[in-house]
Number of protein chains: 4
Amino acid sequence: MAERSKKAIRREQIVRGLMRVLAKRGYAGAPISAVAREAGLTPGLLHYYFKGKQQILLELIEAIQATALERFEERLARASNDPWKRLFAFTDALLEAGGSQDADDAAACWVAIAAEAVHEPAVRRRYRSSLEELATLLRPLLTDVLAAEGRSSEDLTSAVAAITALIQGVHHVDAMAPELAPAGSSARVARHMIVGIVQAQSQVGSHDLPNDAGRRREHR
Amino acid sequence: MAERSKKAIRREQIVRGLMRVLAKRGYAGAPISAVAREAGLTPGLLHYYFKGKQQILLELIEAIQATALERFEERLARASNDPWKRLFAFTDALLEAGGSQDADDAAACWVAIAAEAVHEPAVRRRYRSSLEELATLLRPLLTDVLAAEGRSSEDLTSAVAAITALIQGVHHVDAMAPELAPAGSSARVARHMIVGIVQAQSQVGSHDLPNDAGRRREHR
Amino acid sequence: MAERSKKAIRREQIVRGLMRVLAKRGYAGAPISAVAREAGLTPGLLHYYFKGKQQILLELIEAIQATALERFEERLARASNDPWKRLFAFTDALLEAGGSQDADDAAACWVAIAAEAVHEPAVRRRYRSSLEELATLLRPLLTDVLAAEGRSSEDLTSAVAAITALIQGVHHVDAMAPELAPAGSSARVARHMIVGIVQAQSQVGSHDLPNDAGRRREHR
Amino acid sequence: MAERSKKAIRREQIVRGLMRVLAKRGYAGAPISAVAREAGLTPGLLHYYFKGKQQILLELIEAIQATALERFEERLARASNDPWKRLFAFTDALLEAGGSQDADDAAACWVAIAAEAVHEPAVRRRYRSSLEELATLLRPLLTDVLAAEGRSSEDLTSAVAAITALIQGVHHVDAMAPELAPAGSSARVARHMIVGIVQAQSQVGSHDLPNDAGRRREHR
DNA sequence: TATGAATGAGCTTTCATTCAT
DNA sequence: AATGAATGAAAGCTCATTCAT
């Protein structure tokens with residue numbers, strides 16, 4: 001068990017080392033030697049615990065995802081059975097930023113990871129399965145909300161995709177141009193948007209939206 | 001004019017070369033030699049027209065932005081004075097994807113550009129000013145819509161940030177996991193979300209959203 | 001003649017361009033393009049007037065030498081028939097520095113030229129013939145002084161070499177560590193040394209110098 | 001100790017590699033690959049032990065200086081307390097050439113180093129401090145000689161600069177046109193000049209040298 | 001387990017020179 | 001005479017990875 005523990009500790013050390021360097025300097029600016037230095041280890045040792053640099057990145061993706069999902073679990077446990085609260089437990093958990101250095105680092109890393117995913121098949125696979133996992137968790141939460149609001153679930157897929165995209169976009173803007181969005185407002189803004197999506201759901205798909213949107217008001 | 005054209009043509013050739021390679025292989029995977037090959041030129045010549053690799057990237061950011069804004073201008077010219085149509089001219093222009101190879105490439109590039117922006121100050125500056133330009137264009141469009149809907153503009157900043165984030169996120173998902181969102185649904189989904197945001201505007205800021213959200217409709 | 005003149009003017013322009021860049025940035029830091037810019041010409045044109053970069057350097061060596069010898073001629077013309085004055089006309093002409101920008105540039109160039117001469121046979125040849133020309137001019141001047149002082153000319157060769165070395169060394173120090181020698185003192189210091197050499201001449205070659213030097217005083 | 005030795009040995013190997021290539025081909029003609037080949041190492045390894053090419057050069061400057069000063073220490077240890085002998089221990093140590101391949105290489109290197117010093121601030125700094133170190137060592141030696149000869153030390157600075165310049169110039173001529181000076185005569189010639197300088201010292205500063213010089217002896 | 005020396009491939013960039021115009 | 005676009009060969013440097021210890 002001490003053996004197993006040592007290995008796990010080392011791997012975690014290394015993954016955290018990559019996270020910190022990646023957040024500050026990007027993937028190309030994160031040579032193994034810098035990651036090793038950040039982790040307090042030597043370059044050679046990284047290859048003892050990981051087959052290659054990419055393996056560390058893959059594990060980082062999992063780690064970031066796992067951390068976000070842990071936050072979700074915690075919030076979910078404290079949430080009542082109210083479907084809205086459960087849904088927001090999810091979005092708040094994923095959009096929590098500025099709270100900790102780790103959360104900020106994770107957001108910055110996520111952008112770098114996405115860039116790698118564009119052209120590295122292995123990274124792309126892992127990255128996609130992260131997105132799919134989020135979608136899988138999100139789907140029942142959203143279904144419950146729609147049910148509670150008396151809406152149909154016909155365009156559920158699009159709504160899930162939209163929320164997923166929104167989450168990515170918020171990470172993006174938080175990492176790159178935090179001054180665009182008032183500090184800490186991300187989660188709150190996202191809640192508004194999601195409320196909007198759910199409200200819009202009922203009209204979606206059957207109308208030419210702009211005209212309809214304008215007319216809807218007139219009927220008031 | 002032919003003189004001016006020669007230089008401009010070469011630079012455009014090079015920028016397009018970077019765009020294509022960048023979309024497929026990422027920034028680190030886009031060596032000057034590959035960009036030159038893609039552009040049908042020699043590596044040395046790229047440095048004749050550009051001071052360095054980063055300069056090409058900066059020009060690419062401008063080019064992508066310019067192309068998107070051209071699409072916006074076109075749509076705006078064809079749009080009536082209806083504030084909703086004008087707003088959607090903007091979002092549709094920015095989210096149009098799958099239409100052309102260039103548009104898809106641009107979306108993929110945007111992710112790579114963002115990753116560079118995280119740690120390259122010059123790229124970050126240009127990237128930010130792109131986001132700010134979008135926000136600047138978006139603000140009056142959204143203000144008009146809110147006015148037409150009889151809503152206040154008090155939380156305009158957050159709404160603009162939200163839409164900007166959404167656009168980035170959609171590019172992200174389109175580039176990385178297009179199967180999450182049904183083909184070509186991005187622009188339509190975005191319209192729904194924006195309608196939702198505007199509708200949500202009136203309640204924003206005064207209520208604790210999760211609790212309120214579920215009940216809001218019931219009270220109507 | 002206008003044709004001939006044009007060509008001569010251009011070549012001089014180019015050589016002066018190299019001199020200025022060479023003095024500031026060294027040979028490796030003096031690309032053809034920079035020389036052309038300094039000369040107000042285009043890179044292609046330099047190769048029209050010179051076969052290659054090295055040719056310009058060779059002509060620069062001649063130009064610097066010619067300028068120094070012109071200064072010598074001028075001073076010699078104004079000097080009386082006093083052998084010492086004629087000798088100092090030579091050393092002063094070669095060590096004049098700080099007087100003009102050109103003279104300072106020339107000193108700095110001379111160091112760069114020497115460095116090229118170490119490994120470029122053609123440069124080395126020209127450089128050596130410059131030194132030999134100086135030696136040739138110096139020899140009769142020194143002979144006359146020795147004769148006037150009633151000294152033998154037996155170690156003339158060494159004395160000439162010594163003065164030549166001193167001139168090079170002064171250029172060296174002037175270019176690199178001007179604060180070591182009080183401003184403008186080079187020529188004056190050199191005069192002192194040369195007086196010393198001539199005075200020492202008579203004892204040179206037959207004694208073990210240190211012992212002798214010490215004893216010489218005792219005999220006073 | 002073996003650990004310390006390994007690193008020190010490698011660095012010395014590399015510095016010597018640079019010295020040999022530099023002496024033959026100049027700085028621009030001494031690519032890292034050639035230095036590595038000369039040292040029996042691979043190019044990548046040079047960057048493992050040195051941050052860059054310039055760092056190797058800086059270390060070479062120190063090494064050459066250190067070697068010369070070691071020779072000086074040796075000679076000084078064997079010298080009596082005679083001030084002349086001690087002074088000549090210095091000049092002989094610095095002008096010893098033709099004795100070893102290393103000494104010849106060092107002289108040729110010195111010219112290349114000077115050329116770099118003209119335009120590379122870091123090299124210039126190190127080069128200057130070498131000259132200043134020489135001056136610092138030379139000053140007390142010369143002061144003692146002047147005292148022993150009953151001369152004042154009023155123009156000590158100029159005399160030190162003059163001797164320093166002479167040493168540089170002799171290296172220069174030795175490296176470039178050794179046939180100008182009879183083989184091995186450098187040190188001997190330098191002795192003569194220095195004796196001359198010391199003798200000239202007493203007249204320095206009070207007379208207009210050229211006019212006076214010829215007559216000086218006659219008046220005695 | 002751990003180290004860090006060593007390698008080699010690959011990158012960006014510079015530049016003398018050529019040449020069509 | 002003059003331009004400046006184009007080439008291609010090199011250079012310095014970085015870094016993932018391997019491996020002897």
Side-chain angles (χ1 to χ4, degrees), chain A residues 2-3 6-7 9-10 27-37 40-57, chain B residues 2-3 6-7 9-11 27-36 40-57, chain C residues 2-3 6-7 9-10 27-37 40-57, chain D residues 2-3 6-7 9-11 27-36 40-57:
Chain A
E3 290 308 299
K6 176 74 162 284
K7 188 164 187 171
I9 287 171
R10 282 281 184 259
Y27 193 69
I32 284 283
S33 61
V35 174
R37 207 177 310 121
L41 301 173
T42 56
L45 201 55
L46 298 222
H47 282 88
Y48 180 79
Y49 286 105
F50 288 93
K51 202 178 167 188
K53 194 183 173 187
Q54 198 180 75
Q55 293 299 318
I56 313 179
L57 186 66
Chain B
E3 291 309 298
K6 177 68 167 286
K7 191 163 192 167
I9 287 172
R10 279 280 183 262
R11 288 178 69 98
Y27 192 68
I32 285 284
S33 62
V35 175
L41 302 172
T42 56
L45 199 55
L46 299 220
H47 286 93
Y48 180 78
Y49 287 105
F50 289 93
K51 203 180 162 190
K53 194 183 172 188
Q54 198 182 72
Q55 293 300 318
I56 313 180
L57 186 66
Chain C
E3 290 307 297
K6 175 75 162 283
K7 189 164 185 171
I9 287 172
R10 282 280 185 259
Y27 193 69
I32 284 284
S33 62
V35 175
R37 207 177 310 120
L41 303 172
T42 56
L45 200 55
L46 298 222
H47 281 87
Y48 179 79
Y49 286 105
F50 288 92
K51 202 178 166 186
K53 193 182 172 186
Q54 198 181 75
Q55 294 300 318
I56 313 180
L57 186 66
Chain D
E3 291 310 298
K6 177 69 167 288
K7 191 163 192 168
I9 286 172
R10 280 279 184 262
R11 289 179 68 99
Y27 192 67
I32 286 283
S33 61
V35 175
L41 303 172
T42 56
L45 199 55
L46 298 221
H47 285 95
Y48 180 80
Y49 286 104
F50 288 93
K51 203 181 164 190
K53 195 185 171 185
Q54 197 181 74
Q55 293 299 318
I56 313 179
L57 185 65

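So you know, we letter chains A, B, ... as the sequences are listed, proteins then strands, and number each from 1. Just so you know, these numbers use all the heavy atoms, side chains as well, and skip hydrogens, waters and symmetry mates.
Atom CZ of D:Phe50 is separated from atom P of F:dT14 by 15 Å (rounded to the nearest Å). Counting to the nearest Å, the P atom of F:dA16 and the OH atom of A:Tyr27 are 8 Å from each other. To the nearest angstrom, P of F:dT17 lies 9 Å from CD1 of A:Ile56. Whole-Å rounding puts the A:Arg37 CZ to E:dG4 P distance at 12 Å. We find that CG of A:Leu46 is positioned 12 Å from C1' of E:dA2, with the value rounded to whole Å. Counting to the nearest Å, the P atom of F:dA2 and the CD1 atom of C:Ile9 are 11 Å from each other.
Look at A:His47 and you'll find a side-chain N or O under 4.0 angstrom from OP1 or OP2 of F:dT17. Phosphate proximity of F:dC15 to A:Ser33: absent, as no side-chain N or O sits under 4.0 Å from OP1 or OP2. Side-chain nitrogen and oxygen atoms of C:Tyr48 include none within less than 4.0 Å of the OP1 or OP2 phosphate oxygen of F:dT3. Contact check, D:Lys6 against E:dA6: a side-chain N or O comes under 4.0 Å of OP1 or OP2.
With the nearest nucleotide of DNA chain E identified for both B:Pro43 and A:Gly44, A:Gly44 has the one nearer the 5' end. Mapping B:Arg10 and A:Gln54 onto DNA chain F via the closest heavy atom, the residue that lands nearer the 5' end is B:Arg10. A residue-by-residue look at D:Pro31 and C:Leu41 shows that C:Leu41 has its nearest nucleotide of DNA chain F further toward the 5' end. In terms of position along DNA chain E, the nucleotide closest to A:Tyr49 lies nearer the 5' end than the nucleotide closest to the other residue of the pair A:Tyr49 and B:Ile32.
The distance from the NZ atom of B:Lys6 to the CZ atom of B:Arg11 is 14.5 Å, given to the nearest 0.5 Å. To the nearest 0.5 Å, atom CG of residue A:Leu41 and atom OH of residue A:Tyr48 are 13.5 Å apart. One distance of note links CG of C:Leu57 with OH of C:Tyr27; it measures 5.0 Å at 0.5 Å rounding. In this structure, the separation between CG on B:Leu46 and NZ on B:Lys53 is 11.0 Å, given to the nearest 0.5 Å.
With a cut-off of 3.5 Å on both Watson-Crick or G-U wobble distances, the partner of F:dA1 is given as none.
Contact detail for C:Ser33 and C:Pro43: the closest heavy-atom pair is CA-CG, 4.2 Å.
Looking at heavy-atom distances under 4.0 Å, A:Leu45 makes contact with a base.
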